[in-house]
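Take a look at the structure set out below.
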Amino acid sequence: MSSHELKTGPLEYRTQEGQMSILGFWIFLGAEIVLFATLFATYAVLFGRTADATPPGELFEPGIVLMMTFLLLTSSFTCGLAIHEMRRGSVKALRNWMIVTLVLGLGFLGFEIYEFVHYVHEGATLQSSAYWSAFFTLAGTHGLHVTLGIGWVILLLIQLTKRGLTPRTSRKFFIIGLYWHFLDVVWIFIFTSVYLIGMVV
């Protein structure tokens with residue numbers, strides 16, 4: 001990349017450190033893809049092996065799953081708006097849209113916790129069967145990633161307040177944006193291959 005491009009490109013790419021950090025994060029996401037691919041493969045192998053536990057079709061609630069999907073998809077959109085505003089140089093709009101993203105993410109987690117508690121109350125736990133063990137591991141790993149993302153966003157908002165918008169803070173917000181969109185894509189696969197199929201089979 002030429003020196004001219006470094007001066008006029010997006011703020012997060014204007015330093016060598018920023019470019020290398022973003023490249024490194026793409027590599028990290030590659031490892032995350034492998035992790036989730038392994039969990040999806042395990043789930044597929046163990047699908048239907050519910051033993052004496054309640055089958056997923058009797059426990060999955062379409063309304064809750066749709067609400068979780070709506071919240072996470074919307075949060076991905078607001079996160080994109082935040083990055084757009086960051087590139088326009090608007091610290092206030094960046095902060096506001098990231099706070100909205102944060103609230104939507106917390107809403108998603110709230111529904112997921114409610115869902116898990118409901119399943120456990122109905123007798124579906126990690127120990128109930130191979131199927132439920134695979135389900136909780138897959139969905140729980142995604143939920144853990146969302147939780148980490150929420151904590152990450154909170155720390156970045158604190159840093160933005162203290163340091164303002166710099167090449168370093170903009171790089172960090174761009175990277176959390178990549179991470180959040182990645183979690184959204186993973187959820188789409190969970191929604192279709194776990195919940196939708198589980199409801200009709």
Side-chain angles (χ1 to χ4, degrees), residues 28-29 31-50 53-82 97-157 175-201:
F28 167 76
L29 286 183
E32 289 287 279
I33 290 172
V34 173
L35 167 64
F36 278 102
T38 302
L39 294 177
F40 275 109
T42 302
Y43 175 84
V45 170
L46 299 179
F47 182 79
R49 300 185 183 183
T50 54
T54 307
E58 296 182 18
L59 290 184
F60 288 165
E61 298 184 18
I64 291 178
V65 177
L66 287 173
M67 180 57 69
M68 292 166 65
T69 303
F70 171 78
L71 289 171
L72 204 58
L73 288 176
T74 305
S75 74
S76 185
F77 176 70
T78 57
C79 183
L81 290 176
W97 282 119
M98 288 308 296
I99 289 174
V100 174
T101 301
L102 193 64
V103 171
L104 292 169
L106 286 168
F108 170 86
L109 276 183
F111 275 105
E112 185 165 67
I113 292 171
Y114 168 81
E115 176 194 40
F116 283 6
V117 170
H118 172 67
Y119 294 164
V120 170
H121 183 264
E122 294 296 324
T125 67
L126 276 168
Q127 296 79 29
S128 298
S129 66
Y131 170 83
W132 286 111
S133 177
F135 168 83
F136 280 111
T137 301
L138 173 57
T141 299
H142 178 267
L144 177 61
H145 278 69
V146 173
T147 303
L148 292 174
I150 288 173
W152 192 354
V153 169
I154 291 172
L155 292 176
L156 288 182
L157 287 172
I175 287 176
I176 187 61
L178 293 178
Y179 180 78
W180 202 261
H181 293 315
F182 168 74
L183 296 181
D184 191 64
V185 171
V186 172
W187 176 256
I188 291 173
F189 280 99
I190 293 176
F191 174 72
T192 54
S193 64
V194 175
Y195 289 100
L196 288 185
I197 293 177
M199 287 177 192
V200 299
V201 174

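Atom set for the values below is all heavy atoms of this structure, side chains included, hydrogens, waters and symmetry mates excluded.
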Hey, does Leu196 have a side-chain heavy atom less than 4.5 Å from the side chain of Phe191?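 Answer yes - side chains close enough.
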So, using side chain to side chain donor-acceptor pair (under 3.5 Å) as the criterion, who are the partners of [X] when residues are at least two apart?
| X | answer |
| --- | --- |
| Ser133 | none |
| Ser76 | His181 |
| Glu122 | none |

Please collect all side-chain hydrogen bond (donor to acceptor under 3.5 Å, both in side chains) contacts where either partner lies in residues 182-198, sequence neighbours excluded, each pair once.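 Residue pairs passing side-chain hydrogen bond (donor to acceptor under 3.5 Å, both in side chains), neighbours aside: Thr69-Trp187, Glu115-Tyr195.
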So does Gly80 get a backbone contact from the side chain of Trp180, meaning a donor-acceptor N/O pair under 3.5 Å?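 Checking the backbone N and O of Gly80 against the side chain of Trp180, no donor-acceptor pair under 3.5 Å is found.
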Donor-acceptor pair, distance only, cut-off 3.5 Å: does the side chain of Thr50 make one with the backbone of Ser129?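 The answer is no, because no donor-acceptor pair under 3.5 Å joins these two groups.
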Return all side-chain donor-acceptor pairs below 3.5 angstrom for residues 98-114, not counting sequence neighbours, or 'none' if the list is empty.
residue	atom	partner	partner atom	Å
Thr101	OG1	Thr78	OG1	2.7
Thr101	OG1	Cys79	N	3.2
Thr101	OG1	Trp97	O	2.9

For Leu29, which residues count as a side-chain contact (heavy atoms from CB on, under 4.5 Å) partner, sequence neighbours excluded?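 Phe25, Trp26, Leu178, Phe182.
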Using every non-hydrogen atom in the two residues, find where Ala53 and Ser128 come nearest and quote the distance to one decimal.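 Looking at all heavy atoms of both residues, the shortest contact is CB-CB, 3.8 Å.
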Restricting to non-hydrogen atoms, name the atom on Trp132 and the atom on Pro55 that form the minimum distance, rounded to 0.1 Å.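 The pair with the smallest heavy-atom distance is CZ2-C, 4.1 Å.
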Got a sec: does the CZ of Phe77 have more than 12 other heavy atoms crowding it under 6.0 Å?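 No, not enclosed.
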Would you say CZ of Phe189 has more than 12 non-hydrogen atoms from neighbouring residues, nucleotides or ligands within 6.0 angstrom?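 No, not enclosed.
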For Phe116, which residues count as a ring pair (Phe, Tyr, Trp, His ring centres under 6.0 Å) partner, sequence neighbours excluded?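 Ring pair (Phe, Tyr, Trp, His ring centres under 6.0 Å) list for Phe116, sorted by chain: Phe136.
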Euclidean distance, Ile188 CD1 relative to Leu72 CG, rounded to 0.5 Å: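 Taking CG in Leu72 and CD1 in Ile188, the distance rounds to 8.5 Å.
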Supply the atom-to-atom distance Phe135 CZ to Ile190 CD1, rounded to the nearest 0.5 angstrom.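 Here the rounded value is 8.5 Å.
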Show me the donor-acceptor pairs, under 3.5 Å and distance only, between side chains in residues 33-48 and residues at least two apart or in other chains.
residue	atom	partner	partner atom	Å
Thr38	OG1	Val34	O	2.9
Thr42	OG1	Thr38	O	2.9
Tyr43	OH	Tyr131	OH	2.8

Which pairs would a plain distance check flag for residues 145-154, meaning a side-chain donor or acceptor within less than 3.5 Å of a matching protein atom at least two apart in sequence or in another chain?
residue	atom	partner	partner atom	Å
His145	ND1	Thr141	O	2.7
His145	NE2	Glu32	OE1	2.4
Thr147	OG1	Gly143	O	2.9

